[in-house]
Every structure is written in structure tokens, then in C-alpha cells.
There are 2 protein chains.
Amino acid sequence: MFFINATIDKRFIFVAEFVRNCQKSFFSVNPAFQQKGLPCAPDNSVTVMNLRFTIRPNEKLALRDPESSELGRKIVRQGLVLMHKIGYEHFTFRKLAAEIDTKEASIYRYFENKHRFLLYLLTWHWNIMEYTVIVSLRNIDDSVEKIRALIRIVANDAPDLDDETGLDRNALHGIAMAESSKVYLIKEVDEVNREQLFKPYKDLCGRIAGLFGEYAPTYPYPRSLASTVLEMAQLQPYFAHHLPALTDVGRDDDPDKLISFLENFVFSVLDKYAPKKN
Amino acid sequence: MFFINATIDKRFIFVAEFVRNCQKSFFSVNPAFQQKGLPCAPDNSVTVMNLRFTIRPNEKLALRDPESSELGRKIVRQGLVLMHKIGYEHFTFRKLAAEIDTKEASIYRYFENKHRFLLYLLTWHWNIMEYTVIVSLRNIDDSVEKIRALIRIVANDAPDLDDETGLDRNALHGIAMAESSKVYLIKEVDEVNREQLFKPYKDLCGRIAGLFGEYAPTYPYPRSLASTVLEMAQLQPYFAHHLPALTDVGRDDDPDKLISFLENFVFSVLDKYAPKKN
DNA sequence: GTTTTTTCGATAGCAAAACTATCATGTTTT
DNA sequence: AAAACATGATAGTTTTGCTATCGAAAAAAC
């Protein structure tokens with residue numbers, strides 16, 4: 001009870017929102033009464049009305065829950081940093097094991113392979129993004145302002161909300177930028193999709209599409225526009241940094257041009273279908 | 001001389017265009033006089049004014065020119081099909097060698113590794129795309145119509161121009177769709193870029209940006225818009241096929257929705273900056 | 001028209017990556 | 001205290017990615 005603080009407050013909104021929206025697969029909802037548990041437990045769970053909600057990736061993603069042990073947490077935290085540093089292709093469980101002073105097989109007990117590991121990290125990223133969108137937009141009424149705030153978030157120009165995950169948010173953003181397409185551009189995509197493992201990304205995309213639909217109800221391609229914005233928010237800064245001939249947005253230390261590009265793009269497309277102004 | 005036909009004619013336009021634009025790295029221009037050579041040789045080269053132009057990827061891409069031998073051609077033709085079939089991750093030189101009844105080391109003599117091989121295939125794709133754009137747009141004056149024709153081409157809804165490359169165009173398109181981002185989303189991107197190996201993609205993107213600039217000279221993000229169109233023309237059909245929640249465009253057998261989506265957003269963005277109509 | 005390069009394809013092999021089986025120890029449950 | 005289970009370490013196997021070498025054949029030089 002003495003744990004009820006600002007963070008919990010945001011969490012509560014988050015949880016309440018998702019409860020309203022019902023089934024969110026990336027929540028593992030544990031309906032067991034939790035008499036002795038603390039409301040904001042070290043495993044990052046929240047107790048609401050005696051129901052325990054854990055803001056955490058789908059458990060099918062990992063063989064064992066990495067948040068349940070010291071080693072598991074080390075694998076995720078340090079693995080995230082290592083992958084950001086050396087890239088997905090060069091990242092191996094062996095190198096990670098050496099770094100955190102354990103053995104390869106121990107990591108394999110948590111994650112089937114490095115592809116699943118990447119997907120686990122990205123699931124964190126997508127969840128955090130959607131959480132940030134929900135929390136940041138909850139007090140905004142004007143749908144133009146909502147979209148503007150949204151674009152700042154996907155362009156990584158919004159302050160990170162407090163969290164106790166201990167994840168390196170910079171590394172997470174770097175991985176989302178450079179590696180995210182590698183989780184779905186694979187031959188096994190349909191199989192993975194059948195396991196619902198892309199749901200967090202789809203939900204994020206769907207939420208953005210919903211905001212577009214709110215502003216311009218008759219626009220026929222809200223989901224395509226949402227995925228375009230999401231992908232371009234990652235890709236354009238990558239191009240700016242490595243292949244500047246492919247873009248006009250500036251380097252990543254200056255997100256203003258990216259935001260201008262995206263805002264201009266989104267509102268140019270939607271304004272024609274917006275009922276009120278213009 | 002009896003080889004001068006429609007194809008040669010198109011080639012000539014292509015060559016002349018590039019000669020005008022001077023240095024195109026993806027042409028290997030062999031200035032040696034070619035007295036005994038045929039104008040449209042089996043190696044796909046064209047003789048213009050005693051200069052031999054070869055429409056072919058940058059030679060730095062391959063250790064030996066694959067078009068120069070029977071085995072080399074088999075590697076490219078069959079490798080393209082195999083990679084399309086099993087995907088980049090599962091593709092290995094060993095499997096390809098087994099398929100075409102040769103040995104792994106023989107393939108390594110042509111290509112340093114499978115990443116370079118993929119880049120070689122994509123270079124073909126980008127070259128063919130730019131070639132198609134040039135040839136298809138040469139008789140169109142109206143810049144709106146030019147952009148509309150362009151969108152049909154990038155959306156793979158334009159008839160393939162005749163060529164003698166013998167490449168499986170369907171497989172090439174599939175690889176461009178599912179694997180293209182894997183050539184630049186790597187840690188070595190700057191190194192590869194320094195070798196000019198992304199020039200064909202940049203040139204294609206620059207040409208599209210040029211068309212946008214022609215139509216809307218004051219639009220500040222023509223290159224970003226061009227890369228967005230190129231990327232989305234690949235990604236949206238992929239989503240439609242595998243992750244339909246992320247898109248509103250239909251399945252790949254119906255490109256109309258993709259074209260509508262792309263046309264709608266390109267013209268929505270550009271129209272504000274177009275001087276004439278509106 | 002031979003000799004000499006050079007190229008070519010094939011054999012073999014190595015090192016790293018990707019995973020798996022087994023086992024001992026330690027911890028939890030009963 | 002015993003049984004059940006989870007955990008981490010050891011030691012493999014298979015596949016991938018790549019290299020060194022060698023003999024035959026083709027091309028170039030003389």
C-alpha cells in the first residue's frame with residue numbers, strides 16, 4: 001500500500017485502459033488472489049482489485065520467464081545492450097554468456113533462439129510504446145494534438161516515462177530501428193504470427209490507426225498509414241545516419257526534421273478526409 | 001546488325017540516357033573497341049559507337065563476373081530461385097551448390113558471401129527498375145502521369161520490359177520484397193556504402209525524388225518521400241499477405257489498392273506544393 | 001605448335017554458430 | 001526426510017561460413 005505512487009498511478013491508468021479494451025495478449029493476467037504479494041512487486045506486476053496484472057511479454061516468447069530469476073534479468077538487460085552494440089547478425093548466445101559469466105546452454109533454457117530473443121526485446125519496445133501513447137494522450141482532447149503527440153512518441157522525441165524495468169531505453173530504440181524488420185521478414189512469419197507473437201505490434205499499429213480514424217473517419221487506409229508512419233519513424237533516421245542520399249531528414253540528434261516530415265505527411269493525407277477544419 | 005530490334009532500341013535509349021547523366025557506377029563501361037563482337041551479345045552487352053556498354057552490376061560486387069561463365073550464370077539464375085524459395089536465412093552456398101551440382105568453393109570464387117550475393121541480385125532488381133522507369137516514362141510529358149506510371153512500376157503492376165537476362169522476374173520481385181532491407185540493416189552498412197554498392201538504390205530513389213521535385217518543386221522532403229514510396233511498395237503487399245492487420249491494401253494478386261494507397265498519399269503530400277492545378 | 005601461365009572446379013578441412021543431451025547440485029514441495 | 005523439480009555446468013553434435021591446396025583444362029605467349 002505504501003507503494004502507491006506516481007508510477008503506480010500511471011500503471012493503474014494503463015491497466016484500467018487495457019481492462020476496458022479487454023483481451024490484450026501481452027498481459028499475462030494471473031487471476032489468483034495475491035494476499036501476501038506487494039502491489040508493485042520486484043517482478044514489475046501490479047495488483048488491482050486482487051487481480052494481478054503483469055506488464056510483460058507473452059510467455060510463449062520465452063521458455064522460462066526471464067524476469068523470474070537474477071540470471072534471466074541479466075540475460076535480457078545485458079543481451080539488449082550487447083545486441084545493440086554488435087548487431088543482430090553478430091550477436092550469439094555464446095558471446096552473451098561469456099559477457100555475463102554464464103554458459104550458453106543456460107541462456108537456451110530461457111530463449112529458444114536468438115530470433116525469439118529479439119522478438120522478446122521488441123515486444124518490450126512495442127508495449128512500452130503503446131503504454132507511452134496511452135498515458136501521454138489521455139489528457140489530450142483535440143485529435144490533431146493527439147496525432148502530433150503521437151508522432152513525437154514514435155519519432156523518439158518524447159521523454160521516457162518512468163519505469164522500473166531497468167532496460168536501456170537507448171539500446172532498445174536502436175534495436176527497434178535497425179533490427180525490427182528482421183523479426184517478420186522471415187519464412188516462418190506465418191507460424192510466428194499464428195502464435196500471436198506479433199500482436200503487440202499490431203495493437204500499436206491498430207491504436208495509431210484508431211487515432212487517424214478519429215481525425216479522418218472516411219480515410220480508407222488508416223492501418224497502412226499507421227504502419228507506414230511506424231516504419232518510417234525507424235527507417236528515416238537510420239537512412240539519415242548511414243545512407244543520407246535516401247532521405248532529407250537530419251541526423252538523429254536533430255529529430256525536428258523527422259517530425260516535420262511525418263507531420264506534414266500524415267496531415268497532408270488525412271486533412272482531405274477530416275470533417276471539421278480546412 | 002541483324003540484331004537491331006525493339007530491345008536494342010530500348011537499350012539504346014537507356015544507354016543514351018545514362019551517357020547523358022554520365023557516371024553510373026552500375027554500368028561497367030568497357031572502352032575497348034569491339035570489332036568482332038555482336039551488338040547484342042550473349043553477355044547482354046550493347047555496342048554504341050564502338051563503345052561497349054554492359055548493363056550489369058558493379059564488378060566490385062562479385063569476385064568474378066558471374067555472367068562470364070556457364071557456372072556463374074547458373075549460380076545467379078538458380079541461386080535467385082533458391083533464395084526466393086527458402087529465404088535468405090536458410091539459403092546457403094552449400095545448398096545452392098548441391099542444387100546445381102557443383103561445389104561450395106566454386107561459388108565462393110564468384111561471391112565473397114551470401115550477403116554480397118543478395119546485394120548482387122538486388123542490384124539487378126534496382127537497375128531493372130530504373131531502366132523500366134526511364135523507358136516507360138520517356139514519352140510522357142505530364143508530370144502527374146509520370147508519377148502515376150512510376151507508382152505502377154514500383155508497385156509491380158507494369159508489364160516487364162523484354163530482356164535477355166533470363167532472370168526469374170517473379171523470384172526477383174519476391175526477394176526485393178522480403179529480403180531487401182537485410183542488405184542495409186547491418187553493422188557493416190557504412191563500409192558497404194563506401195564501396196558505392198548502394199548506388200543503384202540511391203539512383204533509383206534519386207530519380208523518383210526528381211520526378212516529385214518536377215511536380216512540386218518546393219516540397220522539402222522529396223527523397224524521404226521517394227524512399228517511403230519504394231519501401232512501402234514492398235512492405236505493404238508483404239503485410240497484406242502475412243500480417244493483414246497492419247495494412248488495408250489487398251492481397252498481392254490485387255495491386256489496385258496498393259496503387260490507390262500510394263497514389264493517394266503521394267499526391268496528397270505533393271499537391272500542396274504543386275504550382276499549377278489544385 | 002608447343003610451352004607457360006592462368007583459370008577453374010573439386011577435395012578437404014577448420015572455426016564459429018546453433019543447438020542438444022546429460023548430469024550434478026541445489027531448492028522446493030510434500 | 002524424501003521426492004520432485006528447477007538450475008547451471010560439461011560436453012557433445014550438426015550446420016554454416018569460409019579457406020588452403022591441388023590437379024586438370026583452357027588461354028596466352030613464344
Side-chain angles (χ1 to χ4, degrees), chain A residues 32 36-37 43 59 61-76 78-79 82-83 85-120 179 182-183 186-188 191-192, chain B residues 32 36-37 42-43 59 61-79 82-83 85-120 179 182-183 186-188 191-192:
Chain A
K36 47 188 175 169
D43 72 344
E59 66 252 349
L61 256 172
L63 298 172
R64 295 196 200 298
D65 181 0
E67 297 301 311
S68 69
S69 77
E70 193 51 48
L71 181 65
R73 279 188 293 270
K74 252 172 108 176
I75 289 168
V76 173
Q78 298 261 95
L82 182 63
M83 191 183 287
K85 191 171 150 200
I86 65 177
Y88 179 73
E89 283 74 20
H90 297 295
F91 175 88
T92 69
F93 283 170
R94 200 168 293 214
K95 287 174 188 165
L96 176 57
E99 194 126 314
I100 61 179
D101 209 46
T102 183
K103 289 288 140 64
E104 203 184 358
S106 305
I107 302 177
Y108 273 103
R109 218 179 288 276
Y110 287 89
F111 295 100
E112 219 176 308
N113 52 51
K114 73 168 169 175
H115 182 262
R116 287 289 163 118
F117 181 62
L118 174 61
L119 189 46
Y120 182 89
E179 323 288 5
K182 292 169 194 168
V183 298
I186 51 164
K187 275 288 165 194
E188 299 83 3
E191 221 173 291
V192 177
Chain B
K36 48 188 174 170
D43 72 344
E59 66 252 349
L61 255 172
L63 299 172
R64 294 194 203 297
D65 181 359
E67 298 300 311
S68 68
S69 77
E70 194 51 49
L71 181 64
R73 278 187 294 269
K74 251 171 107 176
I75 289 168
V76 173
R77 270 61 179 177
Q78 298 261 93
L82 182 63
M83 190 183 287
K85 190 172 150 198
I86 65 177
Y88 180 72
E89 282 74 20
H90 296 295
F91 175 88
T92 68
F93 283 171
R94 204 165 289 206
K95 287 176 189 165
L96 175 57
E99 193 125 315
I100 62 179
D101 208 48
T102 183
K103 289 289 140 63
E104 203 184 358
S106 305
I107 302 177
Y108 274 103
R109 218 180 288 276
Y110 287 89
F111 294 99
E112 220 176 309
N113 53 50
K114 73 167 170 176
H115 181 263
R116 287 290 164 117
F117 181 62
L118 173 61
L119 189 46
Y120 182 88
E179 324 288 5
K182 292 167 193 168
V183 298
I186 51 164
K187 276 287 166 193
E188 298 83 2
E191 221 174 291
V192 177

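In what follows, every chain begins at residue 1, and chains take the letters A, B, ... in the order their sequences are listed. As a basis for the values below, the full set of heavy atoms in this structure was taken, side chains included, without hydrogen atoms, waters or symmetry mates. Just so we're clear, the structure is a prediction, and the values are computed from it rather than from any experiment.
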- Considering all heavy atoms of both residues, which atom of Lys187(B) and which atom of Gly87(A) are nearest to each other, and what is their separation? CE-N, 3.5 Å
- Sequence neighbours excluded, the answer for salt bridge (Lys or Arg N to Asp or Glu O under 4.0 Å) partners of Arg77(B) is Glu67(B)
- For Phe93(B), ring-ring contact (aromatic ring centres under 6.0 Å, His included) partners two or more places apart: Tyr108(B)
Just the table, please: protein N/O against nucleotides 6-8 of chain C N/O, every pair under 3.5 Å.
unit_1 : atom_1 : unit_2   : atom_2 : d
dC8(C) : OP2    : Arg64(B) : NE     : 3.2

- With Lys95(A), which residues qualify under side chain to side chain contact (heavy atoms under 4.5 Å, CB included), at least two apart? Leu82(A), Ile86(A), His90(A), Thr92(A)
- Task: Could you tell me the separation between the CG atom of Leu96(A) and the C1' atom of dA17(C), rounded to a whole number of Å?
- Result: 14 Å
- Residues which pass side chain to side chain contact (heavy atoms under 4.5 Å, CB included) with Arg109(B), listed by chain and number, not counting sequence neighbours: Arg64(B)
- Task: Please name all residues satisfying ring-ring contact (aromatic ring centres under 6.0 Å, His included) with Tyr110(B), sequence neighbours left out, ordered by chain then number.
- Result: none
- Task: Just jot down the salt bridge (Lys or Arg N to Asp or Glu O under 4.0 Å) partners of Lys182(B), sequence neighbours excluded, or say none.
- Result: Glu89(B), Glu179(B)
- Query: Taking OP1 and OP2 of dA10(C), is either one under 4.0 Å from a side-chain nitrogen or oxygen of Ser106(B)?
  - Reply: yes
- Query: CZ of Phe117(A) versus P of dA18(C): gap in Å, rounded?
  - Reply: 13 Å
- Between Ile107(A) (CD1) and dT20(C) (P), how many Å, whole number? 15 Å
Can you tabulate the close N/O pairs, meaning under 3.5 Å, that link protein atoms to atoms of nucleotides 15-19 of chain D?
unit_1  : atom_1 : unit_2    : atom_2 : d
dT16(D) : OP1    : Lys95(B)  : NZ     : 3.4
dG17(D) : N7     : Arg94(B)  : NH2    : 3.2
dG17(D) : O6     : Arg94(B)  : NH2    : 2.8
dC18(D) : N4     : Arg94(B)  : NH2    : 3.3
dC18(D) : N4     : Glu104(B) : OE1    : 2.7
dC18(D) : N4     : Glu104(B) : OE2    : 3.3

- Item | All side chain to side chain contact (heavy atoms under 4.5 Å, CB included) counterparts of Glu191(B), not counting sequence neighbours | Glu188(B), Arg194(B)
- Query: Atom NZ of Lys103(B) and atom P of dC22(D): how far apart are they, to the nearest Å?
  - Reply: 19 Å
